[in-house]
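The structure appears right after this line, and notes come after that.
Numbers restart at 1 for each chain; the letters A, B, ... are given by sequence-line order, proteins then strands. On a predicted model such as this, the values are computed, not experimentally measured, just so you know.
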2 protein chains.
Amino acid sequence: MLNRIRELRKTQKMSQELLANKCDVSRQTINAIENNKYDPSLVLAFKIAAILDITVDELFQFQLAESKSEEDSNEK
Amino acid sequence: MLNRIRELRKTQKMSQELLANKCDVSRQTINAIENNKYDPSLVLAFKIAAILDITVDELFQFQLAESKSEEDSNEK
DNA sequence: CCTATTTGTCAAACATATTTTACATTTTTA
DNA sequence: TAAAAATGTAAAATATGTTTGACAAATAGG
């Protein structure tokens, strides 16, 4: 599940910390989500979308059949 | 966070079990979400929306400032 | 270049979501 | 009205999301 949080946050010249404050989560949470460590809860997804002035459907790119394996790019 | 899952599921004459199967979760998970015991994960929200042929934004009614207290109607 | 701000990361604790098994209750249908 | 199907619920176990504190690395601005 990819997202456009970083892109939109930067457009609005907002730091991870400011965005985190606005949606009442820790800075690390925003960082982890931007870096696809995990997906936000549904409530947090709605909060972020509201703050970035976009819909949840537009903010996240869901693709059916997302494999559960460690696919990221965890290697140095 | 309210949702229109039951409504749309019934429109499409689908049982909780069938919907659960289609999105690869247990029947109890669908039941709990319909009865607002907890919110689905973001991925599950997208899956359900896709199956019910609606957007996530339309399927869920998020209202800013959802109190975290036990507000439901847990009493007999 | 120096310094402040921002971002990345880690581990431990805690919170929430999901599964499984099992059974009771309600609703549908033959 | 009896049987079948659907729904509600509960407890324990597991998985996933979030916080806190701390520190290192990168980036931005004077």
**Request:** Answer whether the closest heavy-atom distance between the side chains of B:I33 and B:V25 falls below 4.5 Å.
**Result:** no
**Asked** Salt-bridged, A:E34 to A:R6, with N to O below 4.0 Å?
**Response** yes
**Prompt:** Do any side-chain nitrogens or oxygens of A:R9 fall under 4.0 Å of OP1 or OP2 in C:dT7?
**Reply:** yes
**Request:** Can you tell me the distance, in whole Å, between the CD1 atom of A:I5 and the P atom of D:dG17?
**Result:** 13 Å
**Prompt:** What's the CE-C1' distance between B:M14 and D:dT7, to the nearest Å?
**Reply:** 16 Å
**Request:** Look at the side-chain N and O atoms of A:K37 and state whether any lies under 4.0 Å from the OP1 or OP2 oxygen of C:dT9.
**Result:** yes
**Asked** Is there a donor-acceptor pair under 3.5 Å between the side chain of A:N31 and the backbone N or O of A:R27?
**Response** no
**Request:** Measure from NZ on A:K13 to P on D:dG29 and round the result to the nearest Å.
**Result:** 9 Å
**Request:** Report yes if at least one side-chain N or O of A:Q16 is closer than 4.0 Å to OP1 or OP2 of C:dG8; otherwise report no.
**Result:** yes
**Request:** Could you identify which residues of residues 49-58 of chain B place a heavy atom less than 4.0 Å from some atom of DNA chain C, listed by residue number, or say none?
**Result:** none
**Asked** Across the strands shown, which category fits B:S41 at heavy-atom distances under 4.0 angstrom: base, sugar-phosphate, nothing?
**Response** sugar-phosphate
**Request:** Ignoring hydrogens and angles, tell me if any N or O in the side chain of B:D57 forms a donor-acceptor pair with the backbone of A:V56 under 3.5 Å.
**Result:** yes
**Residues touching DNA chain C, which here means a heavy atom under 4.0 Å, drawn from residues 18-28 of chain B** = B:D24, B:V25, B:S26, B:R27, B:Q28
**Complete:** A:N36 atom CG is separated from D:dG17 atom P, nearest whole Å, by 11 Å
**Asked** Whole-Å distance between D:dA11 C1' and B:Y38 OH?
**Response** 13 Å
**Prompt:** Going from SG on A:C23 to CG on A:L44, what distance comes out if it is rounded to the nearest 0.5 angstrom?
**Reply:** 5.5 Å
**side-chain N/O A:N31 vs C:dG8 OP1/OP2, d < 4.0 Å** = yes
**Prompt:** Considering the terminal five base pairs at each end of the helix from C:dC1-D:dG30 to C:dA30-D:dT1, what angle separates the two local helix axes, rounded to 10°?
**Reply:** 60°
**Asked** Using a cut-off of less than 4.0 Å, is there contact between a side-chain N or O of A:N35 and OP1 or OP2 of C:dT7?
**Response** no
